[in-house]
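First the structure, in the form of structure tokens, and then the observations on it.
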2 protein chains.
Amino acid sequence: MGTTTASAPPDGDLHARAAMLLAAHGQKYTTARRAMVAVLAAMPHPATIAEVLIASPDLAASTTYRNVTVLREAGIVTRVSGADEFGRFELTEELAGPHHHHVTCTNCGLVLDAQSSASLEAALNDSIRDLMKAAGYEITGHRLELVGRCASCR
Amino acid sequence: MGTTTASAPPDGDLHARAAMLLAAHGQKYTTARRAMVAVLAAMPHPATIAEVLIASPDLAASTTYRNVTVLREAGIVTRVSGADEFGRFELTEELAGPHHHHVTCTNCGLVLDAQSSASLEAALNDSIRDLMKAAGYEITGHRLELVGRCASCR
DNA sequence: ATTTATGCAAATCGTTTGCAAACCT
DNA sequence: AGGTTTGCAAACGATTTGCATAAAT
């Protein structure tokens, strides 16, 4: 399990792994769900429901809303909060890629992925230990959001 | 300007400073706006619009939605994205307190404030320089969100 | 074959907007 | 007084839900 855990799995594994995760939750890997996973995998950044529907026009909106819930419960997708009111979704780090953070545009709401450095992660983990005690929370993860204006909005 | 910048201003200044910021944007510090600022100042965490309306039942919802926009434009309030779809609002750091981060509950969406350490901030600032170049963003700030389950949801 | 997911259309709910009355300076 | 803000009610738009059909194992 050494090196495999930290790196992105080969693309061919993606759907097979998604199917397994769904099966483990008593759910099927249907066409609509596969389509959604494919869209999210192809996106270079977390996608809104609207973006998913545009990328995959045959999907019904209601089905997509229902499936995002199912995929989240199965640990395939996570929700990312951006600057605006729209939820954004991406494949979980465990499923599709390494740990990363986000850069959010205050003007248009666009969210891009950004890699974190080892030193930053180390500092984060140090601080997290302290903060979880202070807040009485059981901390399960962290999310760093850089805020600014994207290239098109500058 | 050394020490004053980093610490929270005395409470008595709050409304006076809010009034100045609004005036600088050609806006008035009305009763409804003062009420909203007071609610946010009293809250130990970023508040949803619903929470503001509960805390200040005389406020009309429409007015509150309009005022949150005005207060944001004046630099009095910022929007915080939590785990759920509801926007949360708090007084800006410059107005009401020192730089801090948030701890979000994955179960109930509650967001608490958490102080950051100097070493973490240093690491953040280092990384930010790199990331802003890579992403082509003009970075104006950062936000660290720790994710977990709050004391009541554990 | 049987259970589960889908799609359409209607219902829901948070948020926004039009407009007349109340407010502030 | 004069322009702005407020509050109500209606409009809006994203998300959710009911139910009959289609798909999956």
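Order of the sequence lines fixes the chain letters, A, B, ..., with proteins taken first and strands second; residue numbering starts at 1 for each chain.
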Could you state the CZ-P distance from A/R34 to C/dT6, rounded to the nearest angstrom?
11 Å
A/T106 side chain to A/G148 main-chain N or O, any donor-acceptor pair under 3.5 Å?
yes
Hydrophobic cluster membership, B/L112 vs B/V80, 4.5 Å side-chain cutoff:
no
Just by distance, do the side chain of B/E73 and the backbone of B/V70 share a donor-acceptor pair under 3.5 Å?
no
Single-linkage hydrophobic cluster, 4.5 Å side-chain cutoff, A/V68 and A/L22 together:
yes
Please work out which residues in residues 18-30 of chain B have a non-hydrogen atom less than 4.0 Å from an atom of DNA chain D and list them by number.
B/Q27, B/K28, B/T30
If I take atom CG in residue B/L71 and atom C1' in nucleotide D/dT5, what distance separates them, rounded to the nearest angstrom?
13 Å
Starting at the 5' end of DNA chain C, which residue's closest nucleotide do you reach first, B/E85 or A/T64?
A/T64
Nearest-Å distance, CZ (A/R72) to C1' (D/dT16)?
14 Å
Less than 4.5 Å apart, side chain to side chain, heavy atoms only: is that true for A/D113 and A/H102?
yes
When the distance from CG of B/N67 to C1' of D/dG7 is rounded to whole Å, what number comes out?
12 Å
Expressed as a whole number of angstroms, how long is the span from B/D84:CG to D/dA14:P?
19 Å
Tell me: CZ of A/R33 to C1' of D/dT25, nearest whole Å?
13 Å
Passing candidate, side-chain contact (heavy atoms from CB on, under 4.5 Å) with A/V77, options A/L95, A/T92, A/L40:
A/L40
Do side-chain atoms of B/E51 reach the backbone of B/T48 as a donor and acceptor pair under 3.5 angstrom?
yes
Is the distance between the ring centroids of B/H101 and B/H142 less than 6.0 Å?
yes
Donor-acceptor pair, distance only, cut-off 3.5 Å: does the side chain of A/R88 make one with the backbone of A/G109?
yes
Phosphate oxygens OP1/OP2 of C/dC24: is one of them under 4.0 Å from a side-chain N or O of B/T31?
yes
d(CZ, B/F89; C1', C/dG14) in whole Å
12 Å
Show me the protein contacts with nucleotides 8-11 of chain D, counting only N or O atoms at under 3.5 Å.
unit_1, atom_1, unit_2, atom_2, d
D/dC8, N4, B/S62, OG, 3.2

Can you measure A/D58 atom CG to C/dA5 atom C1' for me and round it to whole angstrom units?
16 Å
